[in-house]
2 protein chains.
Amino acid sequence: MNSDHIDVRQHILDTAKPIILGKGFSAVGLNEILTAADVPKGSFYHYFKSKEAFGEALLENYFSNYCGRLDSLFSTQDTTAAERMLTYWSSWLETQSCDDRDGQCLTVKLAAEVSDLSEAMRATLVRGTQQLLARIALCLSEGAADGSLPPFANAEQTALHLYELWLGATLLTKIRRDRSALESAMQSTQLILKIN
Amino acid sequence: MNSDHIDVRQHILDTAKPIILGKGFSAVGLNEILTAADVPKGSFYHYFKSKEAFGEALLENYFSNYCGRLDSLFSTQDTTAAERMLTYWSSWLETQSCDDRDGQCLTVKLAAEVSDLSEAMRATLVRGTQQLLARIALCLSEGAADGSLPPFANAEQTALHLYELWLGATLLTKIRRDRSALESAMQSTQLILKIN
DNA sequence: AGCAACTAGACGACTGGTCTAATAAAGGAT
DNA sequence: ATCCTTTATTAGACCAGTCGTCTAGTTGCT
């Protein structure tokens with residue numbers, strides 16, 4: 001039936017996410033995922049054309065959830081844009097600094113590994129990060145409009161600056177296993193946004 | 001003999017680097033590396049205790065080369081610190097934006113994949129990035145001293161800001177396959193260093 | 001000659017992704 | 001209610017590939 005179809009498929013994706021967040025893409029076998037999801041190995045190719053297509057779906061699912069949450073945060077109009085912006089980076093800091101799998105960033109985990117491996121997955125990453133950047137830039141513009149943030153010469157450029165900063169900080173956090181890199185990024189962010 | 005010892009070992013490392021830069025750590029088998037290096041499989045475990053120890057050696061070798069080049073760049077005293085700093089980021093931009101394997105950044109390629117996989121490799125990454133950051137911070141201080149850069153409240157914090165920015169930009173470059181992210185990082189860098 | 005350093009590559013035990021053939025379920029028609 | 005067709009789902013074979021081990025052999029230095 002069609003609803004089971006989607007349920008099982010989604011169940012595989014949900015089960016796989018924390019596993020892949022831990023071990024990466026290549027190092028994880030279908031076996032491990034499917035055993036964990038309690039889905040027989042033979043079924044996998046009914047729901048996904050290949051491991052690569054599955055990885056693509058995983059990323060698509062991730063970005064669509066992520067953008068959804070971002071939209072609901074950024075669309076609350078009873079706060080200033082500066083507050084929304086800070087809430088966003090704060091939650092980034094919290095989710096990426098704790099050990100809790102599942103909340104962690106698939107972009108940081110997979111980008112380097114997967115971009116040279118699969119054109120399809122790379123394309124999904126391009127689209128996803130682009131959507132993210134557009135939302136950040138929009139929030140910056142709203143901040144300039146409502147006066148809670150300084151007027152930026154180029155909101156896109158500032159958004160990119162911030163996003164690169166936090167990507168790098170998250171990468172360093174994976175290396176360091178402590179909050180220092182992300183806390184430094186937060187300080188830099190407040191400087192960039194001219195918030196004290 | 002002892003010099004052959006080192007030659008073969010180093011030859012394996014040199015051959016492996018571009019391969020791993022392309023496919024990552026887990027996705028590459030010893031076979032592929034050893035065939036490329038024309039070293040029989042049996043010999044591998046004479047030079048390295050395990051694949052993990054080999055990965056550790058690869059990273060150590062990378063950082064020691066990298067820091068060597070950095071030291072010789074940063075120790076040229078006939079230039080201002082600001083010039084040395086800009087030369088460094090410019091060469092980062094050039095090496096990371098072109099497709100040329102071998103020049104690319106092992107930290108960005110492996111950090112996310114390997115940090116959760118091997119404690120030994122993670123430790124090597126911590127040490128390597130720390131050495132790098134120290135050198136950048138030192139150059140910033142020299143810039144404040146010779147007047148070519150503004151006096152920073154905290155050189156370490158600024159160095160970290162820059163390094164995070166460029167790590168993130170390089171990650172985005174792997175996704176995008178173009179220079180845009182790195183060029184944006186260069187603009188941001190000039191802003192941070194107050195250079196126009 | 002003796003002893004260490006090094007090489008050769010078969011081997012084991014296992015995992016990888018993929019595919020085909022068999023089964024189960026669903027829907028229609030009589 | 002029974003049969004037939006069609007689609008959804010699964011079991012497990014398949015083989016190429018994995019890391020790491022092991023023994024036998026070669027090399028070269030003292």
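Side chains are part of it too, since the values below use all heavy atoms of this structure and drop only hydrogens, waters and symmetry mates. So that the names make sense, note that chain A is the first sequence line, chain B the second, and so on, each numbered from 1.
Note: CZ (R9(A)) to P (dA8(D)) measures 14 Å, nearest angstrom. Atom CZ in F54(A) sits about 15 Å away from atom C1' in dT18(C), given to the nearest Å. Rounded to a whole Å, the CZ atom of F44(A) is 17 Å from the C1' atom of dG12(D). One can place CG of D7(B) at 16 Å from C1' of dT7(C), the figure rounded to the nearest angstrom.
Contacts of residues 28-43 of chain B with DNA chain C (heavy atom under 4.0 Å): P40(B), G42(B), S43(B).
The shortest distance between the side-chain N/O atoms of Y45(B) and the OP1/OP2 oxygens of dG20(D) is below 4.0 Å. An OP1 or OP2 oxygen of dA8(D) is reached within less than 4.0 angstrom by no side-chain nitrogen or oxygen of H46(A).
Of the possible donor and acceptor atoms, none in the side chain of E32(B) sits under 3.5 Å from a partner among the backbone N and O of G29(B). With hydrogens and angles ignored, the 3.5 Å screen pairs no side-chain donor or acceptor of S184(A) with any backbone N or O of S180(A).
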Listed pairs under 3.5 Å, donor-acceptor, residues 109-116 of chain B side chains, sequence neighbours left out:
{"unit_1": "K109(B)", "atom_1": "NZ", "unit_2": "A112(A)", "atom_2": "O", "d": "2.8"}
{"unit_1": "K109(B)", "atom_1": "NZ", "unit_2": "D116(A)", "atom_2": "OD2", "d": "2.8"}
{"unit_1": "K109(B)", "atom_1": "NZ", "unit_2": "G22(B)", "atom_2": "O", "d": "3.3"}
{"unit_1": "E113(B)", "atom_1": "OE1", "unit_2": "F25(B)", "atom_2": "N", "d": "3.2"}
{"unit_1": "E113(B)", "atom_1": "OE2", "unit_2": "F25(B)", "atom_2": "N", "d": "3.3"}
{"unit_1": "E113(B)", "atom_1": "OE2", "unit_2": "S26(B)", "atom_2": "N", "d": "2.8"}
{"unit_1": "E113(B)", "atom_1": "OE2", "unit_2": "S26(B)", "atom_2": "OG", "d": "3.1"}
{"unit_1": "S115(B)", "atom_1": "OG", "unit_2": "K174(A)", "atom_2": "O", "d": "3.4"}
{"unit_1": "S115(B)", "atom_1": "OG", "unit_2": "A111(B)", "atom_2": "O", "d": "2.8"}
{"unit_1": "D116(B)", "atom_1": "OD2", "unit_2": "K109(A)", "atom_2": "NZ", "d": "2.8"}
{"unit_1": "D116(B)", "atom_1": "OD2", "unit_2": "K174(A)", "atom_2": "NZ", "d": "3.1"}

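Relative ring orientation between Y163(B) and W92(B) is described as perpendicular, the plane-to-plane angle rising above 60° on a 0-90° scale split at 30° and 60°. In this structure, F44(A) and F48(A) have tilted ring planes: the angle between them lies in the 30° to 60° band.
Taking only side-chain atoms of K51(B), from C-beta outward, the nucleotide of dG20(D), dT10(D), dT18(C) with the closest atom is dG20(D).
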What's the verdict on side chain to side chain donor-acceptor pair (under 3.5 Å) for Q157(A) and S188(B), showing C-alpha distance, side-chain angles and the deciding distance?
-> CA-CA 8 Å; Q157(A) 157 74 16; S188(B) 302; 3.1 Å; yes

